[in-house]
There are 2 protein chains.
Amino acid sequence: MFKVTFQVQGGNTVEAFANEGEKILQIAQRSNVAIDAPCSGNGSCGKCRVKLLSGELDSKQTRHITDEEYAEGWRLACCSTVVGDVTLEVPDIASAYRSRMKVADLSSGEEVQIFENSRKQVIDAGIEQKNNMEVLDVVMNVPSLEDTMPDNERLMRAVSRETGIAHVTIPYSVMVKLARVLRDSQFHVKCVVRKISSDVFIYDIFPSTEQVVIGGLAVDIGTTTVSAILVNMVTGEIIGKASSGNGQIRYGADVINRIIEASRPGGRKRLQDAVVKETINPLVAEMCKASGFKANHIYRMSVASNTTMNHLLMGVYADPIRMEPYIPTFYKTNSLFASDIGICIHPDAHIIVSPNIGSYVGGDITAGAFISMIWNRPETSLFIDLGTNGELVLGNSDFLISCACSAGPAFEGGDISCGMRATDGAIEACTIDFETMEPSFSIIGDPGTKPVGLCGSGLIDVIAELYINGIINSKGKFIRDGRRIKHDKYGMGSYVLAFEEDAGSVRDVEITEVDIDNFIRAKGAIFSAVRTMLNYLDYTVDMIDDVYVAGGIGSGINMRNAVNIGMLPDIPQDKFHYIGNSSLTGAYMELLSTSAEKKVYEVASNMTYLELSTVPTYMDEFVASCFLPHTDTRLFPSVTVKNE
Amino acid sequence: MFKVTFQVQGGNTVEAFANEGEKILQIAQRSNVAIDAPCSGNGSCGKCRVKLLSGELDSKQTRHITDEEYAEGWRLACCSTVVGDVTLEVPDIASAYRSRMKVADLSSGEEVQIFENSRKQVIDAGIEQKNNMEVLDVVMNVPSLEDTMPDNERLMRAVSRETGIAHVTIPYSVMVKLARVLRDSQFHVKCVVRKISSDVFIYDIFPSTEQVVIGGLAVDIGTTTVSAILVNMVTGEIIGKASSGNGQIRYGADVINRIIEASRPGGRKRLQDAVVKETINPLVAEMCKASGFKANHIYRMSVASNTTMNHLLMGVYADPIRMEPYIPTFYKTNSLFASDIGICIHPDAHIIVSPNIGSYVGGDITAGAFISMIWNRPETSLFIDLGTNGELVLGNSDFLISCACSAGPAFEGGDISCGMRATDGAIEACTIDFETMEPSFSIIGDPGTKPVGLCGSGLIDVIAELYINGIINSKGKFIRDGRRIKHDKYGMGSYVLAFEEDAGSVRDVEITEVDIDNFIRAKGAIFSAVRTMLNYLDYTVDMIDDVYVAGGIGSGINMRNAVNIGMLPDIPQDKFHYIGNSSLTGAYMELLSTSAEKKVYEVASNMTYLELSTVPTYMDEFVASCFLPHTDTRLFPSVTVKNE
């Protein structure tokens, strides 16, 4: 047995005991030390860096660690095993997770505009923004020796009278404070209630003098990023917004690795804690602190997330999702409460979950497809949600067909050596000069912010520009030379976007052939899914009238470049529409609108699910799509590469 | 600040810090050290003995401590204050609480007979022993790639098909194990469900191969004694039974002292913990252990207890109960669950509470009056529940009137120097020879058990015999002399039932004039309540057709003696009926029978509550009743005192 000491930067120190030969990443995971490991310990992403402070490790040097870094003590946790007592420094990824992101939580004016447009379209389609929660003003007679009715009955009768509904439910949480509140307020109170035809449920009670706002929480739980908004359930006003990385990421970047981790002993609890205690609860606390709102006054929560995230959130067995015949525990549920899973809002708050329709088409896509409004138009449109799972819906007011593909975390900066989420320092857009090969880019953050890495929209631009300017070929290999083109000792080429001295990081910000290859596979997954759906319906690309793109990839996505790299079908530019974080917008509408909630179920029920793994030609389509823009260039007639 | 160290006999050691002048009893209470204090620290009961091991206390010597005992270090915790560091030995009352009692939990054959009679009478009155819980056998199709319905929907549809009820609720606790159970059982399961017309609620799910018994818990929470039975919800069979003292007793013997304690900071939690964690949960654990039953398989609980106990159980503010206009938080509640208050049974178990009808007429009396069947007979009967609160109902199938009086804990052995609950060593019946004044008694326990003290039925006998044999006068003072009559240095007389050498305790088992006085006030409270009710209706004693006596006082109650002391009205002996622990029997019937539950509500709604404190003549009646048998001997024509 050896002792492994983790010193988390800016945080605590954790000691663990381990046997010789155990991997540092595994020791960290079981000791609850957060180490970023998007590739789940396969040695491919290079994110799980730790630094030796004392002792030794048996450690492979990989391409992710330079000789100089290796000499400084940097190692990959997934490639290092214990050979003796050791002390390691662990970069603080928790704070990186918590850092405010530009996209996906309505913090930019552009996003708010998109959000408002979506909301307006939904309302214009006749879906009222009205729910069954309200604040009732209730006046009762003050009891006397002649009128000795008990408190709860007095309240129930008054509420019944006020609402015209005979049955009133007073839960335990209200019972325990009833006597005090009634007497403090001379029996004139405000009640937060949910009214359905057969019952009034009293969530909370306050003296009538208090200002009472019914809070609601809409959450988009992405595999990589979690976004939340806090709203006023009556007016719809947004009170707070926040987003962060999904704390589960240390158990793997994709859903499969998380399901596998969840199936290990104690795994369901670990994964649930990572998303509830480490991610959602801190987001709620952050929003409440910023706005002065009490978390206990949030009485309803709406979640849009993929099937796996839904299952891990609830802590239910997720294994059947990934194993034939791919059966989730639930598509929808009507009996989940905040206290069941430990969300720190009002314990009786109902949690509504956007319905899954299959193991890989979840509530994020049903909520998103609802917001895209493609179900409300006669023309055939394509809706694409670009996330760790790419999810697609094709159809119109007559039919809807959906599918999902595993794009991996590349669109959110994962699996890319200089990839990052769309936060300060991320290059979000880029052009490259054909002659000089010098880049120009825009960076998220205050003016003067130095580049740190690339987020999804920046990646699309860089790869498209490299390809269009003939710097890389259709296989993603470098074919021009210049001061920005490097080759390492293994012969791997890379393009330097910012040299160390101009960068906000300690090394060059660059994109390597491995990164490009990872990204090409991600975009190939998306396009092959589009192709497979079209083929399935015997449709051609020109039968698509409009394309709605959603996802945390950023509002700055350059659709022209997305076509140039062969990610989106080659149709006219004005047919593309970016609709922002449609999952979050959908969760918001479902939270506030009983009709929207019903409509999402209706849209979901009418959606046919196409399981790509059962379509024999999908793999061929994928392989054909793993080129820039595609092996069949006839599919991308508008894409032309410049020649010297 | 001084250090007070409590060494609990056979238990742990607790250290507390206290200021000079603080009372030991209060320090013990806030340090969660259990010291029996039925009189709530008034110095009257003499039960809160502690023994000095080192250090000193500023301590009054009271009549409860002999000189010899004082020299040994015995002190009353309520009469001792801190003057320096001190170490005290504390008798282990917890184990005394837990000791199995003879009465009130159906552990004697006699009691079971009474219980069975009651049950039969209820059923004969057309109240079916049938509830809405059952075990459903559910077979589903095993999912396949062609049949990918999610688990919860598959189950809901199968349950709907099985029951003919469209709406099915699957709570979180079932959701989390659904996938595993379905797959472990090849989709053939047993479900524990509650069926109501509009919904099937699934409490639990098991593989079909398991034997599933739906457990139910009926509890009578008395102020002094708590009794519980564990039953099979389908057959009604009694699986387990147990009783113990109410752990709240250290906060006071009567409801008023407990309400006052509950209103102190943290008090509601302390009182709730004392009854839930220290009393009910151990009883459940004891019954489950003895019968091999899993507590988690108890899916429903029924409680019959007085209004204050109901409020303290739920942890709601109880202050308004004792303050004009005496308004409880609830008479009944339909939305209380085991997880709300921490009862260690299935978390979703519904707790049904027998309705209170006033601040001092609670669920124990509504459940008990239901079992007495007086509501079902044309003749006018009187129902009396002898407990810490005496509760009475007078009426017939046309009308019911109820009232409550504070008898104090004397019937359960409290406030009596040698009083004890009806457990091993208690004298439960007694006769005294007129000539020799020698007693003969029967003792609870195995043959040869030595007497330790007196339980309620024994007290009635002893006082009646002392009075009838002219040993005490109508004021309870000793008027004969003999070897069993003692007088202490204050002149207080006592009668020795067993001298130290023949007793199971370290001192004489005796009854003092103070004890007799306490008991006379208890019986006076009962009889004056009877008189006040009769007067209120303009009835005379002979208009009572039958008297039904219930309570933990023991099946051995000698009705003749109860009349002799003036506790019960002087009517023919064959008109008295002992109906056992009718609260517990009522809770049992309500647990098992939906019709019984409804009928109790109906009986409760039809009951008029007479608040004795608002009847101007009550106090006069009480004073007149504080004699043996009464100041007005014409009320007890059959009582004659023997003359030498």
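Order of the sequence lines fixes the chain letters, A, B, ..., with proteins taken first and strands second; residue numbering starts at 1 for each chain.
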key: Choice from S173(A), S339(A), P143(A), P328(A) maximising heavy atom contacts with chain B below 4.5 Å   = P328(A)

query = How far apart are the C-alpha atoms of V176(B) and R268(A), what are their side-chain angles, what is the distance that settles it, and do they pass the side chain to side chain contact (heavy atoms under 4.5 Å, CB included) test?
reply = CA-CA 10 Å; V176(B) 291; R268(A) 286 186 294 145; 4.2 Å; yes

inquiry  = Would you compute the distance between atom CG of L178(A) and atom OG1 of T329(B) and round it to the nearest 0.5 angstrom?
reply    = 5.5 Å

M323(B), CE atom: more than 12 neighbouring heavy atoms under 6.0 Å = yes

Side chain / backbone / both / neither for M149(B) at chain A, heavy atoms under 4.5 Å = backbone

message = Other residues, nucleotides and ligands only: do more than 12 of their heavy atoms fall within 6.0 Å of OH on Y536(A)?
response = no

request  = Could you tell me which portion of L145(A) (side chain, backbone, both or neither) has an atom closer than 4.5 angstrom to a non-hydrogen atom of chain B?
outcome  = both

ask   = Quick check: does any side chain N or O of T148(A) sit under 3.5 Å from a backbone N or O of I327(B), one acting as donor and the other as acceptor?
value = no

key: Any donor-acceptor N/O pair, S335(A) side chain to I170(B) backbone, under 3.5 Å   = yes

inquiry  = Please classify the contact between P171(B) and chain A as side chain, backbone, both or neither, with a heavy-atom cut-off of under 4.5 Å.
reply    = backbone

Pairwise distance OH(Y317(A)) to CZ(R183(B)) - rounded to 0.5 angstrom = 11.5 Å

Under 4.5 Å from any heavy atom of chain B - which part of D147(A) = backbone

note = Looking only at D340(A), L155(A), T169(A), most heavy-atom pairs under 4.5 Å shared with chain B are made by D340(A)

query = Atom CE of M175(A) and atom OG1 of T333(B): how far apart are they, to the nearest 0.5 Å?
reply = 4.0 Å

ask   = What residue, out of E611(B), E324(B), E153(B), has the most heavy-atom pairs lying under 4.5 Å from chain A?
value = E324(B)

Residue N334(B) versus chain A: region with a heavy atom under 4.5 Å = side chain

note = Note: vs chain A, highest number of non-hydrogen pairs under 4.5 angstrom among S198(B), P347(B), A179(B) is A179(B)

query = Looking only at atom types and distance, does a side-chain atom of Y172(B) sit under 3.5 Å from a main-chain N or O of M314(A), one as donor and one as acceptor?
reply = yes

key: Region of S144(A) that comes under 4.5 Å of a non-hydrogen atom in chain B   = backbone

query = To the nearest 0.5 Å, how far apart are CZ in F330(B) and CZ in R154(A)?
reply = 16.0 Å

ask   = For atom CZ of R322(B), is the number of surrounding heavy atoms from other residues, nucleotides or ligands below 6.0 Å larger than 12?
value = yes

Side-chain donor or acceptor of N152(B) paired with backbone N/O of K332(A) under 3.5 Å = yes

